[in-house]
Amino acid sequence: MELQLNSKVAIITGASRGIGCAIAQTLSIEGMRLVIAARSEALLNEVAQSCNNEVFAVTMDLREPDAPQKLIDSALQKFGQIDVLVNNAGATKRGDFLELTEDDWHDGFALKFFSAVRCSRAAWPHLQASGGNIINIVGVGGRTGNAEFAIGGAVNAGLLNLTKVLADRGNKEGIRVNAINPGSIATERLQTRIQLFATEHNLSLEQAAGQMAHKLGVARFGTPDEIARAVAFLASSAAGYCQGSIFDVDGGQT
Ligand code: NAD
């Protein structure tokens with residue numbers, strides 16, 4: 001399928017590793033010019049070097065209220081246009097509801113929910129000018145609550161609703177807004193949990209991964225690349241009639 005993304009400009013938040021890194025590499029293969037943001041300059045530079053096309057790395061803490069506007073300004077200064085915004089940065093603390101602190105809740109919302117709000121608001125007029133689109137990387141926890149995932153679930157549910165809100169507005173203003181719900185994707189974060197499970201239950205890593213996947217009702221964990229390919233599709237004109245769509249890419253977990 002010809003995605004016609006060549007030389008368009010995408011901003012990807014949280015692109016220093018995991019799903020964000022895979023999205024950067026995939027969109028770069030499609031010929032896009034990229035602006036990638038995260039906190040680690042060294043990791044961002046590694047990602048930039050692994051990409052085919054021009055990449056501009058912006059080191060910032062996206063929990064800071066003024067960081068999203070700076071990110072959008074940097075992208076415009078560098079490339080003069082924005083075609084795609086991928087709100088991917090996110091990290092929410094797991095744990096027992098009664099033990100999670102006020103700070104944990106504020107932190108989870110500050111990064112994943114509010115950076116998506118602020119990046120979308122700052123990018124909006126420029127996406128309107130380019131007829132561009134927004135893709136929110138959310139998570140199946142936004143659909144199905146889980147006792148261990150109180151903050152992540154609430155943040156994701158909010159972001160799914162924001163996707164619909166912005167899609168409704170985008171309908172009138174020529175901006176497509178869609179979301180992807182990854183299931184359990186084998187990033188470093190999941191590898192750490194597999195390692196812990198293996199140690200606790202005296203299993204090999206392969207056995208631990210198999211048992212964890214079985215408990216979730218899936219045949220295997222997904223790969224970052226499988227999320228990235230869905231992003232490339234949604235970013236492209238091939239998805240021209242996708243508006244407010246919420247794609248579960250979860251191996252059937254939901
Ligand atoms: P990850 O922890 O591997 O990567 C998160 C990215 O966000 C990194 O680049 C990190 O540097 C960046 N980041 C973290 N804090 C930041 C901050 N304060 N300022 C700027 N950048 C910051 O996570 P991942 O597994 O690749 O997940 C990416 C997205 O997908 C997240 O929003 C996550 O909630 C969502 N998700 C992941 C899974 C999964 O199984 N991996 C499942 C559902 C949803």
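Indexing begins at 1, ligand by ligand and atom by atom, following the structure's order. Remember, it's a predicted structure, so these values are computed and weren't measured experimentally.
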Intermediate values then yes/no, salt bridge (charged side-chain N to carboxylate O under 4.0 Å, His left out), Glu64 and Lys70
CA-CA 10 Å; Glu64 298 294 330; Lys70 285 185 186 157; over 6 Å; no

Apply the test salt bridge (charged side-chain N to carboxylate O under 4.0 Å, His left out) to residues Arg193 and Glu148: give CA-CA distance (whole Å), side-chain angles for both, the deciding distance (0.1 Å), then the verdict.
CA-CA 13 Å; Arg193 283 172 50 216; Glu148 278 289 303; over 6 Å; no

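- In terms of modelled atom types and a separation under 3.5 Å, the side chain of Arg33 and the main chain of Ser7 share a donor-acceptor contact.
- In this structure a side-chain-to-backbone donor-acceptor pair under 3.5 Å is missing from Thr26 to Arg229.
- Open room surrounds CG on Asn202; 12 or fewer heavy atoms of other groups in view lie less than 6.0 Å from it.
- Classified by interplanar angle (parallel below 30°, tilted 30° to 60°, perpendicular above 60°), the ring pair Phe109/Phe113 is perpendicular.
- Residues lining ligand 1 at a heavy-atom distance below 4.0 Å are given as Gly14, Ala15, Ser16, Arg17, Gly18, Ile19, Ala38, Arg39, Met60, Asp61, Leu62, Arg63, Asn88, Ala89, Gly90, Leu111, Lys112, Ile137, Val138, Gly139, Pro182, Gly183, Ser184, Ile185, Thr187, Arg189, ordered by chain and residue number.
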